[in-house]
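Working notes for the structure below.
The structure presented is a predicted model; accordingly, all values stated were derived computationally and were not measured.
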Amino acid sequence: MNHSDHSHHGDHASHMAAGTDAAGGASWSMAVKATLHCLTGCAIGEILGMVIGTALLWGNVPTMVLAISLAFVFGYSFTLFAVRRAGLDWKSAVRIALAADTVSIAVMELVDNSIIALTPGAMDAHLSDGLFWYALLGGFAVAFLITTPVNKWMIGRGKGHAVVHSLH
């Protein structure tokens with residue numbers, strides 16, 4: 001089979017076969033990869049936002065808003081640049097990035113920031129405090145564990161990162 005010829009893909013499900021499990025849903029491996037991709041962008045954006053907000057002596061709320069905003073920006077940008085490299089125009093690439101990442105990033109940010117907010121003292125910890133990093137990294141770990149099944153469910157239904165998979 002010639003992999004450069006995608007005319008044999010009548011639908012997205014046939015293209016996803018390599019990433020599906022025996023029941024026809026998305027594989028855990030594919031969900032883990034999608035979640036790690038999302039986590040990377042979110043982590044870069046969120047840490048950068050925390051560093052900027054702390055350096056500018058902003059309060060907790062504006063720093064958190066910046067961190068969450070940058071998590072979305074970096075999360076989307078990873079997908080956006082990947083699909084642009086695959087040859088999509090900007091408008092299509094933006095639509096794909098939004099469709100692929102919005103739910104994943106939103107779940108990840110909700111979980112991660114809830115853990116930070118609920119960890120006693122974490123909101124007032126400084127970048128040099130172990131508590132800051134413990135809460136942040138612990139939040140990322142829990143967010144990964146919760147977001148992976150969400151991504152698996154979405155990919156199995158042709159949503160989320162499944163829309164990006166067709167471009168690989």
Side-chain angles (χ1 to χ4, degrees), residues 16 19 26-86 88 90 93-157 159-168:
M16 283 185 47
S27 70
W28 281 106
S29 173
M30 181 184 281
V32 165
K33 287 177 187 174
T35 307
L36 284 172
H37 177 267
C38 178
L39 177 63
T40 302
C42 288
I44 291 169
E46 193 161 329
I47 292 170
L48 183 60
M50 297 284 189
V51 168
I52 291 169
T54 300
L56 296 175
L57 303 176
W58 288 359
N60 289 337
V61 172
T63 298
M64 204 168 225
V65 168
L66 177 64
I68 292 168
S69 298
L70 289 177
F72 274 90
V73 167
F74 277 85
Y76 287 138
S77 69
F78 277 31
T79 299
L80 182 65
F81 293 119
V83 297
R84 285 284 295 149
R85 274 195 314 270
L88 261 65
W90 277 103
V94 168
R95 269 193 258 142
I96 292 282
L98 292 173
D101 294 332
T102 299
V103 171
S104 184
I105 296 170
V107 170
M108 192 159 293
E109 287 303 300
L110 176 67
V111 172
D112 174 49
N113 284 285
S114 294
I115 289 173
I116 293 169
L118 295 172
T119 301
M123 292 295 292
D124 297 318
H126 297 282
L127 294 175
S128 60
D129 294 336
L131 178 59
F132 169 82
W133 294 103
Y134 172 76
L136 183 65
L137 298 177
F140 287 149
V142 173
F144 174 81
L145 293 174
I146 292 174
T147 306
T148 299
V150 172
N151 281 332
K152 183 181 186 305
W153 181 83
M154 289 180 56
I155 294 167
R157 280 148 190 78
K159 309 273 186 218
H161 274 264
V163 297
V164 175
H165 182 76
S166 66
L167 300 170
H168 294 294

Distance (rounded to the nearest 0.5 Å) between [X] [atom1] and [Y] [atom2]:
X      : Y      : atom1 : atom2 : value
Leu48  : Ser69  : CG    : OG    : 11.5 Å
Ile68  : Met50  : CD1   : CE    : 7.5 Å
Met123 : Leu118 : CE    : CG    : 10.0 Å
Thr102 : Phe72  : OG1   : CZ    : 7.0 Å
Ile47  : Leu136 : CD1   : CG    : 5.0 Å
Cys38  : Met108 : SG    : CE    : 4.0 Å

Would you indicate whether the side-chain heavy atoms of Tyr76 and Ile105 approach each other to under 4.5 Å? yes
Report yes if the side chains of Asn60 and Asp124 come closer than 4.5 Å at any heavy-atom pair, otherwise no. yes
[X] and [Y]: which non-hydrogen atoms are nearest, and at how many Å?
X      : Y     : answer
Gly53  : Leu66 : N-CD2, 4.2 Å
Leu80  : Ala97 : N-CB, 4.1 Å
Pro62  : Gly59 : CD-O, 3.4 Å
Asn151 : Ala34 : ND2-C, 4.1 Å

Write out all pairs satisfying side chain to side chain donor-acceptor pair (under 3.5 Å) with one or both partners inside residues 48-58, taking only residues at least two apart or from two chains. none
Tell me, which pairs form a side chain to side chain donor-acceptor pair (under 3.5 Å) where one or both residues lie in residues 105-120, sequence neighbours left out?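 Non-adjacent pairs meeting side chain to side chain donor-acceptor pair (under 3.5 Å): Glu109-Asn113.
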Under 3.5 Å donor-acceptor, Asp129 side chain and His126 backbone: yes
Backbone N/O of Ala26 and side chain of Lys152: donor-acceptor pair under 3.5 Å: yes
Checking Ile115, Ile116, Leu145, Leu39 against Phe140 for side-chain contact (heavy atoms from CB on, under 4.5 Å), the one that qualifies is Leu39
Sorted by chain and residue number, the ring-ring contact (aromatic ring centres under 6.0 Å, His included) partners of Phe74 (sequence neighbours excluded) come out as none
